[in-house]
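To start, the structure itself, in structure tokens.
Order of the sequence lines sets the chain letters (A, B, ...), proteins ahead of strands, with each chain counted from 1.
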There are 2 protein chains.
Amino acid sequence: MTTIKDVARAAGVSVSTVSHVLSGRRPISEPTRLRVLEAIERLGYRPNRLAQGLVSKSSRSLGLLVPDLANPFFGSMAEAMEIAAHDRGYSVILCNTNLDPKREADYLSMLLSRQVDGLLYFPGTRVPNRALLEAVAAGVPVVVVDERIDNLPGVFVDNFDGGRQLGRLLAQLGHRSLLFIGGPEGLPTVTDRLNGLRAGLAEGGSAPTNLLLRFGEYRASHGYETIHVCAREGVFAAVGDERPTAVVAANDMIALGALRALRELQLQVPRDCSLTGFDGVEFTAMITPSLTTVQQPSTRVATAAVELLLQRIESGENHRDRAAQRQQAHDDQAEVAPVIPHVVLPVTLVVRESVAPPPPQR
Amino acid sequence: MTTIKDVARAAGVSVSTVSHVLSGRRPISEPTRLRVLEAIERLGYRPNRLAQGLVSKSSRSLGLLVPDLANPFFGSMAEAMEIAAHDRGYSVILCNTNLDPKREADYLSMLLSRQVDGLLYFPGTRVPNRALLEAVAAGVPVVVVDERIDNLPGVFVDNFDGGRQLGRLLAQLGHRSLLFIGGPEGLPTVTDRLNGLRAGLAEGGSAPTNLLLRFGEYRASHGYETIHVCAREGVFAAVGDERPTAVVAANDMIALGALRALRELQLQVPRDCSLTGFDGVEFTAMITPSLTTVQQPSTRVATAAVELLLQRIESGENHRDRAAQRQQAHDDQAEVAPVIPHVVLPVTLVVRESVAPPPPQR
DNA sequence: TATCGAAATCAAAACGTTTTGATTACCAGG
DNA sequence: CCTGGTAATCAAAACGTTTTGATTTCGATA
């Protein structure tokens, strides 16, 4: 490999001169500059970022912790975040947590070893993760994406409002008995969507007589199995208000699985049962029936998350000196509670073929 | 940050002793070892991988170049590769090439700067990319995934056979007029699938009287628009052998878009027109009608790619000394042409609801 | 003419590791 | 009792950068 030393020798200057040409931090005479640039070009020199990182104490890289890349929602988020980071000169280290807190801890430790400048974190399961909090305590800037965690900065959408819009729509259509198939129980997105749903139903003029709740993973298989389990329990055989006339899935993948299962049960969507999703990934517009869902501005969420993280990184909000600074502030004057930014982006209800008024009661 | 120096001081030993405790390369007395480990634990020491990489000349990281993470096929591949790499102690730097050769070149340069030990490369468009070949020439081990490139090691599936199985099936059902909606023209996967399709059709006893070809991106929008464009051109209004009775999409995303467009044209799948995909991503089983497709063993492809790459890395197949070694070999004896491994994995035809015999001629 | 500041350059230290002799102490074998 | 080898440890060099304090030269100012 050709190093800065080789360039210096080839150009007949010192190593520091080459560095100054590259960084522009000190004036260099034009002839020298040209000779150096020519040598760089000729030798195909490429600075070693490990060495740069060692002295600058910054690897210019971000850790991206994501639960499940096979889910196109996370895929497109990851894509948008990587692109935003790249545009700002940062690389992204991909970590697939697979909903496993142990894996998360493992990755976190690796990322700290690699001196990442910040973390983009999609919580997979119940939050917060202990290892993540330790990383935060160690002074690594973190932005939580797609999920609200009280004491950590985050970027996410107005899940409550999304749920509410769905609730209003369904209430207005006349649905009073619903099955809510949630994601992991206790996850703020899930809870917010559910609470919004309740509020929307009430606003729409229908205190639901029956709201059945199921929780599980954010996966198609969970939607599929839940429907079949419910069917086995006789949920869909019930009469009157007992029988759900609409299925509200906590995300699009769950809805997709549910749709399949409903079809296998000979329940036609939306004639026999309405169905809604959440997230608005691409396929929801393509399937039959097309899915009524709540559209997230996922690219905006992704770029906002990266912006927020870089802002925190570059403002030096990080660093283990933080504790010391705090102490300082404490001595000087009344301590100001640090502001934890939460960026909340709006969602859009997209009404498509999968909803209709409930069927006439049998 | 706490460094190895801090640990050494705390344990009352030299820096090298701490290093030896950690690496086990030299014997250390038990009491010393324990004191060092205790100090590490107490200080929360974590070795700096940048520094390690600088001296070991290996970052223990891989570059992953992928065209489009929003496509769940690439998403699940990326996921599986990252997991396999992590299991072997390597990190993955994510690069979203977005089908743009310029971006690819940009990423490649960055990855070399970061001293990645190897590259996992999904070609997006016409191959090979100049920048990639330069990286290879520079001695970075590369494995091409999902695509056959003659002079580069690769892992991919038997696309020809997949196409052939589809062709046989369709021929046996009686289809003689087909529309093939390809991915990027000239991409080996696309060509192989198409050639296989032709062979299969012939084997199945139907030299197609009409095989219409369209090329474009591996995206749902391409399938969607192609169908509409064809409709506008009167393709589906033709009578007799002119009218395609089956649409063969080069991958599942294209098929998904095509399915939607066909439905908008009031063409029912499979009654009026059969439809097939390729790859076998999860949603193909869930949509209505469920999609006949060719299933790739994507996890196996992904892990095989990582295995192959690590094998090449760890066998020291890399390094710029390669040229020198070659020269050496040349002097010693007749030069042995280096073997470029191509791992080809089998595919499985999955027949689902989206195919049927062609409708009776109007 | 003596002084000052800026431009241009260099040498050396520092970043946090691993690796490689040296050095010491000890014990076994002749 | 000397010789060699091995266990245990340390000091120093090296990895490829950036940064900082000198140093030199030169033109402008007092």
Taking side chain to side chain donor-acceptor pair (under 3.5 Å) as the cut-off, I'd like each qualifying pair that reaches into residues 74-84 of chain A, sequence neighbours left out, listed once. A:E82-B:Y107
Check ring-ring contact (aromatic ring centres under 6.0 Å, His included) between B:Y90 and all other residues, then give those that pass, not counting sequence neighbours. none
Residues which pass ring-ring contact (aromatic ring centres under 6.0 Å, His included) with B:Y45, listed by chain and number, not counting sequence neighbours: none
Throw together a table of side-chain donor-acceptor distances under 3.5 angstrom for residues 10-21 of chain A, partners on residues two or more places apart or in other chains.
| unit_1 | atom_1 | unit_2 | atom_2 | d |
| --- | --- | --- | --- | --- |
| A:S14 | OG | A:S16 | N | 3.4 |
| A:S14 | OG | A:S16 | OG | 3.0 |
| A:S14 | OG | A:T17 | N | 3.3 |
| A:S14 | OG | A:T17 | OG1 | 3.2 |
| A:H20 | ND1 | A:S16 | O | 3.1 |

Going by the rule salt bridge (charged side-chain N to carboxylate O under 4.0 Å, His left out), which residues pair with A:D150 if we only count those two or more places apart in sequence or in a different chain? A:R148
Counterpart residues, side chain to side chain contact (heavy atoms under 4.5 Å, CB included), relative to A:L308 (two or more places apart): A:V143, A:P153, A:V155, A:Q311, A:R312, A:P341, A:V343
Tell me, please, which residues at least two apart from A:S56 pass side chain to side chain contact (heavy atoms under 4.5 Å, CB included). A:S58
Using a 4.0 Å heavy-atom cut-off, write out nucleotides 24-29 of chain D from 5' to 3' as B (base contacted by protein), S (sugar-phosphate only) or - (no contact). ------
Check side chain to side chain contact (heavy atoms under 4.5 Å, CB included) between A:R114 and all other residues, then give those that pass, not counting sequence neighbours. A:I93, A:M110, B:R49, B:R60, B:S61, B:S91
Can you list every pair that meets salt bridge (charged side-chain N to carboxylate O under 4.0 Å, His left out) and has a residue in residues 9-28 of chain B, with sequence neighbours left out? B:D6-B:R9
Thinking salt bridges, do B:E38 and B:R35 make one under a 4.0 Å N-O criterion? no
Going 5' to 3' along nucleotides 9-18 of chain C, which nucleotides have protein heavy atoms under 4.0 Å from the base (write B), which only from the sugar-phosphate (write S), and which from neither (write -)? BBB---BBBB
Rounding to the nearest 10°, end axes of the helix from C:dT1-D:dA30 to C:dG30-D:dC1 built from five pairs each make an angle of 60°
